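Down below is the structure, laid out as structure tokens.
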Amino acid sequence: MKRLAINIVILPPDSVMDLALKWNAKLRENEPANIVLGKSQYLPHISIAMGCIRADQFAQIESTLQTIAAKHRVLEIHMPQIRIVNASSDRQIIAFDVNLSEELNSLHETI
């Protein structure tokens, strides 16, 4: 059975997205091989859950996630810092420090 890797994420508002893209461009000035973030591919995001599913489960999981998302249209998320971290020995990425609120933790647990 074919399997799919999935990453369930929160996309930040445009102002935060733009800041992450700006930091990514700055980082790439010195490290041009680093990943290029954008608004259509490699979007800045906050991962909530990652995993692997069977391809035949996709529609059911998509429907369940849409129901969950409808109940959490807007989350107040505090990001005290954006920083550069080593993703591997030869690559750095921009990372959001995110405060884990009760609401964010509840969303994660629900998913």
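This is a predicted model, so every value here is computed, not measured.
- Looking at residues two or more places apart in sequence or on another chain, you find no side-chain contact (heavy atoms from CB on, under 4.5 Å) involving Ala69.
- Taking Arg3 as the reference, nothing meets the salt bridge (charged side-chain N to carboxylate O under 4.0 Å, His left out) condition, with sequence neighbours excluded.
- Counting only residues at least two apart or on different chains, the side chain to side chain donor-acceptor pair (under 3.5 Å) pairs with a member in residues 13-22 are Asp18-Lys39.
- Taking the side chain to side chain donor-acceptor pair (under 3.5 Å) definition, one finds that Arg83 meets it with Asp97, sequence neighbours left out.
- Ile8 CD1 to Leu65 CG: the interatomic distance, rounded to the nearest 0.5 Å, is 4.5 Å.
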Inset, instruction - Please report the C-alpha distance between Val16 and Met79 in whole Å, then the side-chain angles of each, then the deciding distance to 0.1 Å, and finally whether the side-chain contact (heavy atoms from CB on, under 4.5 Å) criterion is met. - result: CA-CA 10 Å; Val16 176; Met79 293 180 282; 3.5 Å; yes
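- Put simply, CG on Leu11 and CD1 on Ile46 are 9.0 Å apart, with the number rounded to the nearest 0.5 Å.
- Contact annotation: the side chain of Trp23 never approaches that of Leu37 to less than 4.5 Å [non-hydrogen atoms, C-beta and beyond].
- The distance from the CD1 atom of Ile6 to the CD1 atom of Ile53 is 4.5 Å, given to the nearest 0.5 Å.
- In this view, Leu75 and Ile10, His72, Ile77, Glu103, Leu104, Leu107 satisfy the side-chain contact (heavy atoms from CB on, under 4.5 Å) rule, not counting sequence neighbours.
- Applying the side-chain contact (heavy atoms from CB on, under 4.5 Å) test to Lys2 and every residue at least two apart in sequence or in another chain returns Leu4, Ala55.
- For Asn99, the side chain to side chain donor-acceptor pair (under 3.5 Å) test picks out no residue, with sequence neighbours left out.
- Legend: side chain to side chain donor-acceptor pair (under 3.5 Å) pairs involving residues 49-66, not counting sequence neighbours, sorted by first then second residue: Arg54-Asp56.
- Across all non-hydrogen atoms, the minimal contact from Leu21 to Gly38 is CD2-N, 3.5 Å.
- No side-chain heavy atom of Val36 sits less than 4.5 Å from a side-chain heavy atom of Tyr42.
- Contacts of Asn7 classified as side-chain contact (heavy atoms from CB on, under 4.5 Å), with partners at least two apart in sequence or in another chain: Val9, His45, Ser47, Met50.
- Listed by chain and number, the residues in a salt bridge (charged side-chain N to carboxylate O under 4.0 Å, His left out) with Glu76 amount to none (sequence neighbours excluded).
- With rounding to the nearest 0.5 angstrom, the CD1 atom of Ile84 is 9.5 Å from the CG atom of Asn24.
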